[in-house]
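Only one structure is covered here, and it is reproduced in the block below.
Residue numbers begin at 1 in each chain, while the letters A, B, ... track the order of the sequences.
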Amino acid sequence: MRINDRYTFVLNYFQEHMPVAETELHYENTYQLLVAVMLSAQCTDKRVNLTTPAIFHKYPDIVTLSETDFDALFPLIKSISYPNSKARHLISMAQMVRNDFDGEIPMTVDELVKLPGVGRKTANVITSVVDHQPNMAVDTHVFRVSARIGLTNKATTVLAAEKQLIKHIPKELIHIAHHWLILHGRYTCLARTPKCEKCGLTEVCKYYQTLQKTATPS
DNA sequence: CTCCCGATAT
DNA sequence: ATATCAGGAG
């Protein structure tokens with residue numbers, strides 16, 4: 001199957017079968033989204049959502065977050081993955097936004113990645129979700145699902161996967177396709193035990209085809 | 001490349 | 001017991 005036909009099939013499937021794609025991180029503004037995404041590294045959204053209400057109550061904006069210290073913030077995120085790194089990064093991030101960006105969270109990838117704790121994936125999420133810029137954030141789900149269903153061809157790095165996805169997905173669909181891939185990965189195309197019997201993409205899925213070949217006949 | 005690093009599913 | 005979770009820094 002040609003690569004363009006593959007993309008068309010997958011995007012049409014998501015368009016018709018995926019419910020309204022919304023991020024499951026809870027947030028009410030750009031500041032809260034940035035904090036939530038920074039906390040979500042190697043952690044489930046569900047667990048992040050358990051911790052953010054207390055954080056947003058105690059630190060309602062960049063200024064209050066920039067004025068706190070490690071010992072005050074750490075207890076609020078100690079049950080998240082990598083709490084030490086994330087506590088330090090959150091405070092340093094808020095201080096840099098105040099000092100170098102006039103207190104406003106920047107809205108370009110190049111500026112966002114200068115913030116401590118903010119990498120390319122987080123910067124792509126912020127600019128895509130908040131400003132609808134045609135950027136594709138490649139997280140663990142997007143990377144895995146894209147490889148399995150053949151949207152990315154031999155991409156060994158997230159950057160290579162990002163470039164291929166950007167090249168083939170229409171600009172106006174990129175930010176929603178990002179959510180489609182995440183939700184598909186989270187609820188159907190699971191990392192360890194994918195629910196192929198509930199997936200409508202098996203006919204184009206390279207991973208599924210391989211499973212059929214190697215399956216021991218019963 | 002390694003390290004960070006708690007909670008949950010399998 | 002081990003794999004995985006909206007990754008990033010050194």
Within a radius of less than 6.0 Å around [atom1] of [X], do more than 12 heavy atoms belonging to other residues, nucleotides or ligands occur?
{"X": "A/Glu28", "atom1": "CD", "value": "no"}
{"X": "A/Glu67", "atom1": "CD", "value": "yes"}
{"X": "A/Asn12", "atom1": "CG", "value": "yes"}

Within the 4.0 Å heavy-atom criterion, would you say [X] contacts the bases, only the backbone, or no part of the nucleic acid?
{"X": "A/Val125", "value": "base"}
{"X": "A/Val158", "value": "nothing"}
{"X": "A/Arg144", "value": "sugar-phosphate"}
{"X": "A/Ile80", "value": "sugar-phosphate"}
{"X": "A/Leu50", "value": "nothing"}

Among [options], which nucleotide sits nearest the side chain of [X]?
{"X": "A/Ser85", "options": "B/dC5, B/dG6, C/dA6", "result": "B/dC5"}
{"X": "A/Lys121", "options": "C/dG7, B/dA7, C/dC5", "result": "C/dG7"}
{"X": "A/Asp45", "options": "B/dG6, C/dA6, C/dG7", "result": "C/dA6"}
{"X": "A/Arg47", "options": "C/dA6, B/dA7, C/dC5", "result": "B/dA7"}
{"X": "A/Ala191", "options": "B/dG6, C/dG7, C/dC5", "result": "C/dC5"}
{"X": "A/Ser81", "options": "C/dC5, B/dG6, C/dA6", "result": "B/dG6"}

The answer to which of A/Val37 and A/Val113 contacts DNA chain C further toward the 5' end, by nearest nucleotide, is A/Val37
Gap between atoms [atom1] and [atom2], on [X] and [N] respectively (whole Å):
{"X": "A/Leu90", "N": "C/dA9", "atom1": "CG", "atom2": "P", "answer": "12 Å"}
{"X": "A/Met38", "N": "C/dC5", "atom1": "CE", "atom2": "P", "answer": "21 Å"}
{"X": "A/Leu34", "N": "C/dA6", "atom1": "CG", "atom2": "C1'", "answer": "13 Å"}
{"X": "A/Leu33", "N": "C/dG7", "atom1": "CG", "atom2": "P", "answer": "14 Å"}
{"X": "A/Tyr187", "N": "C/dC5", "atom1": "OH", "atom2": "P", "answer": "13 Å"}
{"X": "A/Gln42", "N": "C/dT2", "atom1": "CD", "atom2": "P", "answer": "19 Å"}
{"X": "A/Arg88", "N": "B/dC3", "atom1": "CZ", "atom2": "P", "answer": "16 Å"}
{"X": "A/Phe74", "N": "B/dC4", "atom1": "CZ", "atom2": "P", "answer": "14 Å"}

Can you check the distance between [N] and [M], where both ends of the measurement are the [atom1] atom (answer in whole Å)?
{"N": "C/dA6", "M": "B/dC1", "atom1": "C1'", "result": "24 Å"}
{"N": "B/dT2", "M": "C/dA3", "atom1": "P", "result": "15 Å"}
{"N": "C/dG8", "M": "B/dA7", "atom1": "P", "result": "22 Å"}

Plane angle bin for A/His168 and A/Tyr7 - parallel if under 30°, tilted between 30 and 60°, otherwise perpendicular: parallel
Closer to the 5' end of DNA chain B via nearest nucleotide, is it A/Thr193 or A/Lys78? A/Lys78
With no hydrogens and no angle check, just 3.5 Å: does a side-chain donor-acceptor pair link A/Thr8 and A/Asp5? no
Are A/Tyr82 and C/dG7 stacked, counting the six-membered base ring, centres under 5.5 Å, planes under 30°? yes
Please determine whether any donor N or O and acceptor N or O are separated by less than 3.5 Å between the side chain of A/Arg192 and the base of B/dA9. yes
Between the base of C/dA9 and the side chain of A/His89, is there a donor-acceptor distance below 3.5 Å? no
If the threshold is 4.0 Å, N to carboxylate O, is there a salt bridge linking A/Arg186 and A/Asp45? yes
Establish, with yes or no, whether the OP1 or OP2 oxygen of [N] is under 4.0 angstrom from a side-chain nitrogen or oxygen of [X].
{"X": "A/His178", "N": "C/dA6", "answer": "no"}
{"X": "A/Arg120", "N": "C/dG7", "answer": "no"}
{"X": "A/Arg186", "N": "C/dT4", "answer": "no"}

Between A/Asn124 (side chain) and A/Val138 (backbone), is there a donor-acceptor pair under 3.5 Å? no
